[in-house]
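Just so you know, these numbers use all the heavy atoms, side chains as well, and skip hydrogens, waters and symmetry mates.
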Amino acid sequence: MSPAPHADDRSDPDLAEAAREAALIAEENRILNSFADTARFRSRSRPMETGPHGTAVKRPRAATMSPPVTQRPIPRRPRAESDFVLSTPRRKLIEVKTDWLPAHLAPSAIPRLSVALETCGGAASGRRRRVSITCDRRRRTTVSVDARLLAATVAFAVVSGASAFSMAPLSLLHVKGPGRFMLSKPVAPVFGEVPTYPAPNGHVARFYQSAAYLDRHAGGALREAVDVAARAHEHQRRKSGEPFIVHPLHVATVLADLRMDADTVMAGLLHDTVEDTSLTVGDIQATFGDAVARIVEGVTDEPTQIDSENQQDLLLSMSSEWRVALVKLADRLHNMRTLKHMPKEKRIKKAKETMELFVPLARKMGITPIYEELLDLCSETLLPRGGRLLPGAAKHALMTAAAPANLDSTLAKLNIDLDTHHARWQSHLDAYPAVSLTPCTSVEC
């Protein structure tokens with residue numbers, strides 16, 4: 001039996017292969033150990049060592065990183081709902097503070113509000129004034145605002161509001177006396193301004209509703225009269241700021257409520273065109289006929305004459321055309337309805353003139369709806385509050401004493417008899433017994 005071969009008895013090829021393997025392992029270990037200075041690499045790498053007979057052995061991981069530093073915990077203040085501060089970081093122009101109130105200090109239901117003016121800051125930094133507004137309920141909320149910032153905000157709001165309302169420039173003002181100024185022309189409203197042409201739809205619709213009793217063939221002439229009057233009064237406004245065409249529409253509506261004929265209603269639409277616009281009596285005659293032109297000419301005042309002369313001309317025109325009186329009474333009725341937009345002196349003057357001429361005229365002709373409303377409107381201006389509650393006869397006696405009627409003397413002077421006019425109105429009532437005026441609301445008048 002032959003003995004077992006010794007390690008040294010291996011052949012030359014085996015020894016050469018083992019030597020090459022040992023050299024490769026040694027070179028690998030040298031390369032890995034060259035990066036051992038880096039803690040990150042050391043913690044992740046596993047260097048290899050050669051054991052007996054050239055076998056590879058794992059080396060245990062070395063602790064290459066420095067021991068962790070013990071950090072002290074940062075002391076944190078516990079968060080409380082009662083602490084809330086909102087302020088700018090530097091100047092603190094606005095500062096808001098809220099905190100809870102004890103139960104015995106909190107108001108029961110209605111919040112308690114207080115305003116205070118504080119002074120803060122020293123002589124070096126400059127004293128500042130702040131306005132503090134405190135509201136107490138279950139919480140106390142305090143808003144502190146820099147006084148200069150608050151004043152600037154209020155001034156900006158005032159200036160912006162004034163410019164939004166389009167204040168009248170000083171060039172439109174002229175002196176009426178010591179301490180009295182007046183606008184040279186009415187300033188139109190800015191918000192919701194209604195154009196002067198075409199006529200406002202609401203007033204036109206109300207007029208057409210009142211004139212529905214007329215023959216359908218008169219509808220085209222009425223529409224043309226509305227358009228001609230609106231075009232003639234374009235860019236004109238009343239003292240209230242509304243388009244001027246609203247006044248002729250209301251006059252025509254009163255005449256339609258009285259169930260007058262189409263010529264009288266159209267004359268009510270055009271009664272101010274000759275006096276206030278470039279339209280002439282000839283233009284009206286060529287478009288709407290002789291009757292309408294004659295009525296419009298009868299109610300037109302001459303600008304060069306005084307009021308008494310214009311009243312005499314009116315009565316003379318009534319003697320030949322009784323419908324002139326109806327248009328003039330309807331005109332005065334709407335003017336008295338809108339008298340609140342006039343100054344006090346003008347209101348008193350118009351009310352006395354109405355009591356002297358138009359109230360007795362409506363009474364003589366028997367036009368009761370206009371007579372009663374004119375009497376009530378005049379009493380609102382001329383009588384104290386207690387006198388307005390008197391019955392009709394007592395009110396008429398009191399108003400006549402305040403403004404004596406001069407109609408009878410004027411009629412006798414001009415030799416005019418109104419009995420025929422009264423008879424014509426009574427015959428008109430026989431055809432339309434249920435005559436009543438549509439009440440004018442405060443928004444429309």
Legend entry - side-chain contact (heavy atoms from CB on, under 4.5 Å) assessment of Leu333 paired with Leu437: CA-CA 11 Å; Leu333 178 61; Leu437 298 180; 3.7 Å; yes
Inset, instruction - Answer whether the closest heavy-atom distance between the side chains of Val254 and Leu329 falls below 4.5 Å. - result: no
Legend entry - Test side-chain contact (heavy atoms from CB on, under 4.5 Å) applied to Leu326 and Ile367, step by step: CA-CA 9 Å; Leu326 271 298; Ile367 311 175; 3.7 Å; yes
Legend entry - Thr368 OG1 to Glu373 CD distance, which is reported to the nearest 0.5 Å: 13.0 Å
Inset, instruction - Quick one: do Arg206 and Asn201 satisfy side chain to side chain donor-acceptor pair (under 3.5 Å)? Show the steps, please. - result: CA-CA 9 Å; Arg206 184 187 175 194; Asn201 292 331; over 6 Å; no
Inset, instruction - Report yes if some heavy atom in the side chain of Val299 is under 4.5 Å from a heavy atom in the side chain of Ser317; otherwise report no. - result: no
Inset, instruction - Return the minimal non-hydrogen interatomic distance between Pro433 and Asp430, and the atom names on each side. - result: CD-O, 4.1 Å
Inset, instruction - Check whether the side chains of Asp283 and Thr280 place a donor and an acceptor atom closer than 3.5 Å, and report yes or no. - result: yes
Legend entry - Any donor-acceptor N/O pair, Arg238 side chain to Glu242 backbone, under 3.5 Å: no
Legend entry - Pairs flagged by salt bridge (Lys or Arg N to Asp or Glu O under 4.0 Å) wherever residues 216-231 is involved - sequence neighbours left out: Asp227-Arg231
Legend entry - Shortest non-hydrogen separation from Gly268 to Leu255 and the atoms involved: CA-CD1, 3.8 Å
Legend entry - Any pair counted as ring-ring contact (aromatic ring centres under 6.0 Å, His included), so long as it reaches residues 262-321, sequence neighbours left out: His247-His271
Inset, instruction - Sorted by first residue and then second, give each salt bridge (Lys or Arg N to Asp or Glu O under 4.0 Å) pair with at least one member in residues 292-316; sequence neighbours left out. - result: Arg294-Glu321, Asp301-Lys328, Asp307-Lys349
Legend entry - Centroid-centroid under 6.0 Å between Trp425 and His428 rings: yes
Inset, instruction - Determine whether Ile416 and Met318 make a side-chain contact, defined as any pair of heavy atoms from C-beta on separated by less than 4.5 Å. - result: no
Legend entry - Counterpart residues, salt bridge (Lys or Arg N to Asp or Glu O under 4.0 Å), relative to Arg424 (two or more places apart): none
Legend entry - Distance, nearest 0.5 Å, that separates CG of Leu418 from CG of Leu361: 6.5 Å
Inset, instruction - Look up atom OG in Ser319 and atom CH2 in Trp322, then write down how far apart they are to the nearest 0.5 Å. - result: 14.5 Å
Legend entry - More than 12 heavy atoms from other groups under 6.0 Å of CZ on Phe156: no
Inset, instruction - Of all the heavy-atom pairs spanning Leu315 and Leu414, show the shortest one and how long it is. - result: CB-CD1, 4.1 Å
Inset, instruction - Spell out, as yes or no, whether a donor-acceptor pair under 3.5 Å connects the side chain of Asn335 to the backbone of Asp331. - result: yes
Inset, instruction - Check Ala225 against Met266 and note the closest heavy-atom contact, atom names and distance. - result: CB-CG, 4.0 Å
Inset, instruction - Check the surroundings of atom CD in Glu275: do more than 12 heavy atoms from other residues, nucleotides or ligands lie under 6.0 Å from it? - result: yes
Inset, instruction - Could you tell me which non-hydrogen atom of Ala199 sits nearest to which non-hydrogen atom of Val204, and how far apart they are? - result: CB-CG2, 3.5 Å
Legend entry - Separation between CE of Met355 and NZ of Lys350, rounded to the nearest 0.5 Å: 16.0 Å
Inset, instruction - May I ask you to check whether His203 and Phe207 place their ring centers less than 6.0 Å from one another? - result: no
Legend entry - salt bridge (Lys or Arg N to Asp or Glu O under 4.0 Å) contacts in which one or both residues fall within residues 405-422, not counting sequence neighbours: Lys364-Asp408
Legend entry - Separation between CG of Leu375 and CG of Leu382, rounded to the nearest 0.5 Å: 10.0 Å
Legend entry - Tyr432 and Leu258, any side-chain heavy atoms less than 4.5 Å apart: no
Legend entry - Side-chain touch Leu407/Phe358, heavy atoms, less than 4.5 angstrom: no
Inset, instruction - Rounded to the nearest 0.5 Å, what's the gap from CE on Met342 to OG on Ser240? Could you check? - result: 10.5 Å
Inset, instruction - Spell out, as yes or no, whether a donor-acceptor pair under 3.5 Å connects the side chain of Thr264 to the backbone of Met260. - result: no
Inset, instruction - Would you indicate whether the side-chain heavy atoms of Lys352 and Thr381 approach each other to under 4.5 Å? - result: no
Legend entry - Criterion side-chain hydrogen bond (donor to acceptor under 3.5 Å, both in side chains) against His233, the qualifying member of Arg237, His235, Gln236: Gln236
Legend entry - Contact summary for Val296 and Leu270, nearest pair of heavy atoms: CG1-O, 3.6 Å
Legend entry - pair Leu377-Arg332: side-chain heavy atoms closer than 4.5 Å: no
Legend entry - Pairs touching residues 244-271 that satisfy salt bridge (Lys or Arg N to Asp or Glu O under 4.0 Å), sequence neighbours left out: Asp261-Arg323
Inset, instruction - Mind running side-chain contact (heavy atoms from CB on, under 4.5 Å) on Gln311 and Glu353 for me, showing each step along the way? - result: CA-CA 10 Å; Gln311 292 176 6; Glu353 181 180 295; 3.7 Å; yes
Legend entry - Heavy-atom side-chain contact between Ile133 and Thr142 under 4.5 Å: no
Legend entry - Side-chain donor-acceptor contact under 3.5 Å, Arg130 with Ser144: yes
